[in-house]
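The figures that follow rest on heavy atoms only: side chains count, while hydrogens, waters and symmetry mates do not.
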Amino acid sequence: MLNLTINQAMEDDYPGLLDLNNLAVPNVNAIPTETLASLHSQSVYLGVARTSTEIAGFLLALPCTADYDSPNFQYFKRRYEAFAYLDRIVVDQRLRGRSIGATLYQDLNRMLGDVYPLLACEVNLDPPNPGSLRFHQRLGFNSVGTQQTEGGTKRVSLLMKALSPDPS
């Protein structure tokens, strides 16, 4: 079993987060440091999973009130009053299949379960990302729609999940 710690991101983490993020393109969009800093400043959660030697993954979630022009975020904002939006989850490809993503989601749920009733995200259908779609379905996400983005070069499944309040 992999020994992980989850911490909130610090500015010093940005280079490592961006390296992981950019290795995951096209499953997530590439972003510059300035965009990551802006998203982090608005986020309700930017958790970083670490092994003893490296960043293993991260998860970035925004409140429904964020100033964010993503067409996927805007889809949810037009349809739902209160939600947190999972902008991206990235796990080091060498460490996938070791529950890092699920651990990040558990930490997010622990932090947000009493604040937001819903968690929204999207997964690429074209170009396909079947591993992410299966992962999110296992976690209880359901499709609430699809849409074309980036001038029709991408098609995404828009997913929603009810968050459970923290039992503690």
Measure the shortest side-chain to side-chain distance between [X] and [Y] over non-hydrogen atoms and say whether it is less than 4.5 angstrom.
X    : Y    : answer
L118 : E81  : no
L17  : L36  : yes
L60  : L86  : no
V48  : I6   : no
K161 : N142 : no
T51  : L95  : yes
L159 : L119 : no
R50  : L4   : no

Show me the pairs that pass ring-ring contact (aromatic ring centres under 6.0 Å, His included) and involve [range], at least two apart or across chains.
range            : answer
residues 49-68   : Y68-F73
residues 23-49   : Y14-H40
residues 137-159 : Y105-F141, H136-F141

Quick one: pull up [atom1] in [X] and [atom2] in [Y] and give me the separation to the nearest 0.5 Å.
X    : Y    : atom1 : atom2 : result
N124 : L133 : CG    : CG    : 10.0 Å
L163 : L112 : CG    : CG    : 6.5 Å
T153 : E150 : OG1   : CD    : 4.5 Å
R88  : I31  : CZ    : CD1   : 4.0 Å
Q148 : D126 : CD    : CG    : 7.5 Å
Q8   : S43  : CD    : OG    : 7.0 Å

*Going by the angle between their ring planes, with limits at 30° and 60°, are F83 and Y80 parallel, tilted or perpendicular?*
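Geometry flag for Y80 against F83: perpendicular rings.
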
*Please walk me through it: do Q147 and V156 pass side-chain contact (heavy atoms from CB on, under 4.5 Å)?*
CA-CA 6 Å; Q147 73 177 1; V156 298; 3.9 Å; yes

*Which is it for K77 and D69 under the salt bridge (Lys or Arg N to Asp or Glu O under 4.0 Å) test, yes or no, and what are the steps along the way?*
CA-CA 11 Å; K77 193 167 185 164; D69 63 356; over 6 Å; no

*asked:* Can you confirm if the NZ or CZ of R79 lies within 45° of the ring axis of Y75 and under 6.0 Å from the centre of its six-membered ring?
replied: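 Yes, a cation-pi geometry holds between R79 and Y75.
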
*Going through the checks in order, is the side-chain contact (heavy atoms from CB on, under 4.5 Å) test met by Y116 and V44?*
CA-CA 10 Å; Y116 296 97; V44 292; 3.5 Å; yes

Could you check whether any side-chain N or O of [X] sits under 3.5 Å from a backbone N or O of [Y], counting only pairs where one atom can act as donor and the other as acceptor?
X    : Y    : value
D13  : M10  : yes
Q137 : S132 : no
S38  : E34  : no

Taking all atoms of both residues into account, what is the closest heavy-atom pair of [X] and [Y], and its distance?
X    : Y    : result
E122 : D87  : OE2-O, 4.5 Å
C121 : Y85  : CA-CE1, 4.4 Å
D92  : I55  : OD2-O, 4.3 Å
C64  : A82  : SG-CA, 3.9 Å
P15  : D12  : CD-O, 3.5 Å
A49  : I100 : CB-CG2, 3.8 Å

*asked:* Looking only at side-chain N and O atoms, does D67 offer a donor or acceptor that is under 3.5 Å from a partner on Q42?
replied: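 Short answer, no.
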
*Single-linkage hydrophobic cluster, 4.5 Å side-chain cutoff, I89 and L158 together*: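 No; L158 is not reachable from I89 via cluster members.
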
*Begin from the C-alpha positions of R110 and Q106 and carry the test side-chain contact (heavy atoms from CB on, under 4.5 Å) through to its verdict.*
CA-CA 6 Å; R110 180 186 58 78; Q106 288 169 351; over 6 Å; no

*Full working for side-chain contact (heavy atoms from CB on, under 4.5 Å) between T149 and N72*: CA-CA 8 Å; T149 62; N72 299 316; 3.6 Å; yes

